[in-house]
Amino acid sequence: MELTTAGVATLRGDPDQAAKDAETADAALAASGDGRAFERLYRSHVARVHSLVRRMIGPDHADDIAQDVFVRAWTKLSTFRGDAAFGTWLHRLAVNVILARRSTIGTERSRYHDAEGALDDVAGHRATPELTMDFEEAIGRLPDGARQVFVLHDIQGYRHEEIAEMLGIVPGTSKSQLHHARMALRRHLER
Amino acid sequence: MNDKWTDRLSEYLDGELAPSERTALEAHFASCGDCRTTLEELRRVVMRARALDDRPPAADLWPAIAEHVGVVSLAARAERARRRFTFTVPQLAAASVALALLSGGGAWLLSRRETVAARSTASTTSPVLMNASAYASDARYAAQVATLERALETGRGRLDTATVRVIEKNLGIIDRAIRDAQSALAGDPANAYLNLHLAQEMRRKLELLRQAATLAGARS
């Protein structure tokens with residue numbers, strides 16, 4: 001019997017690699033039209049994709065955009081070569097979908113350089129027993145630029161050069177936005 | 001607190017300062033408690049961000065996605081399967097009544113047949129369902145089986161492998177059923193159902209052997 005790559009990884013006792021291999025296999029099956037394989041991929045990634053959308057763009061359109069991410073993923077599965085993990089490919093696709101949808105749903109409430117007021121607003125709400133702002137909620141109150149850079153860098157793990165390319169800014173602006181976001185959010189850490 | 005180093009603290013934290021700047025900032029920490037405190041808070045923000053839990057959407061998005069891309073949901077399949085085997089209470093009640101009637105009718109027929117068989121012990125030449133003991137003790141049955149088995153053995157080379165495999169598999173199943181029935185009958189010799197069951201299985205074996213031997217003979 002020929003062992004699959006996932007089988008070999010399992011025998012090696014590497015559950016992470018086995019899971020990645022299984023996802024790569026599911027992606028290949030889904031690319032050939034297997035809806036059940038695609039549903040498995042959806043179930044594995046929906047929480048992360050939905051959270052990414054919600055943090056990047058707010059809760060109002062999160063369902064709609066997360067759904068769009070998976071629909072786009074289905075149509076683009078043939079471009080997934082398995083060089084990177086399926087999750088990495090999917091989340092990059094999700095970022096692209098989110099960024100493409102920003103302007104159409106009017107989420108660009110402020111530009112990158114006029115966000116001081118909004119940052120002050122976030123920073124001004126100290127987490128007191130009377131007025132406790134959840135850390136997630138505080139992220140949501142950041143101005144768009146700072147929030148997107150913070151989510152992409154500190155939560156998603158992208159580098160400033162990648163973020164700059166995605167957002168069409170220079171790396172220095174990405175660094176600056178990140179610092180402003182962190183400075184605002186430090187007031188909302190749980191005590 | 002806002003000195004010239006404050007805006008560089010995130011870069012320091014992320015390891016993005018040039019070595020000379022890094023050295024200078026670390027020297028500054030020695031004399032600036034505010035910068036040390038702020039750095040620690042920024043570090044906690046980063047740790048908090050990395051520890052955020054991902055939450056799924058409140059409502060499952062899959063049905064809409066599945067519809068959009070034209071695939072069927074696993075849950076929908078399971079639901080369809082569940083519905084296929086779901087009965088209403090009246091349906092179940094009707095089924096239980098029907099089952100009771102069938103069981104009662106079957107038992108009545110069996111008891112009738114046993115009575116009839118007892119009344120006409122001499123005329124057992126060709127009953128629809130012969131009593132097992134008639135087969136088991138019938139030398140003609142044993143001889144017939146032996147003859148057909150020999151014929152099959154002789155002609156099996158003319159049958160293709162798949163056919164032989166199916167015949168042997170089915171004979172194995174029937175033989176197991178015969179052994180099981182005989183074993184059960186040993187503990188309950190008067191059981192009418194077991195007798196009937198054994199007779200059926202023995203007759204099935206005979207019929208299968210006959211068909212197989214005919215098939216092997218026809219290929220010659």
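In this text the structure is predicted, and so the values were computed from the model without any measurement. Each chain gets a letter, A, B and so on, in the order the sequences are listed, and its residues count up from 1.
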Between Y12(B) and E21(B), does any side-chain donor sit less than 3.5 Å from a side-chain acceptor? no
Most heavy-atom pairs under 4.5 Å with chain A, out of A58(B), A59(B), A64(B), A49(B), belong to A49(B)
Counting only heavy atoms not in E161(A), do more than 12 fall under 6.0 Å of its CD? yes
Quick one, E11(B) with K175(A), criterion side-chain contact (heavy atoms from CB on, under 4.5 Å). Give me CA distance, side-chain angles, the key distance, then yes/no. CA-CA 7 Å; E11(B) 288 175 85; K175(A) 288 179 186 178; 4.0 Å; yes
Against chain B, label F150(A) side chain, backbone, both or neither, depending on which of its atoms sit under 4.5 Å from a heavy atom there. side chain
Top contributor to chain B contacts, counting heavy-atom pairs under 4.5 Å, from D63(A), T75(A), V46(A): D63(A)
Of all of H68(B), R8(B), R55(B), which one pairs up most often with chain A through heavy atoms under 4.5 Å apart? R55(B)
With sequence neighbours excluded, give me every ring pair (Phe, Tyr, Trp, His ring centres under 6.0 Å) pair touching residues 150-180 of chain B. none
Scan side-chain atoms only and decide if H61(A) and R101(A) contain a donor-acceptor pair under the 3.5 Å cut-off. no
Taking L178(A), V53(A), I155(A), D68(A) one by one, which has the highest count of heavy-atom pairs under 4.5 Å against chain B? I155(A)
Tell me, side chain or backbone of D53(B) under 4.5 Å from chain A's heavy atoms, or both, or neither? backbone
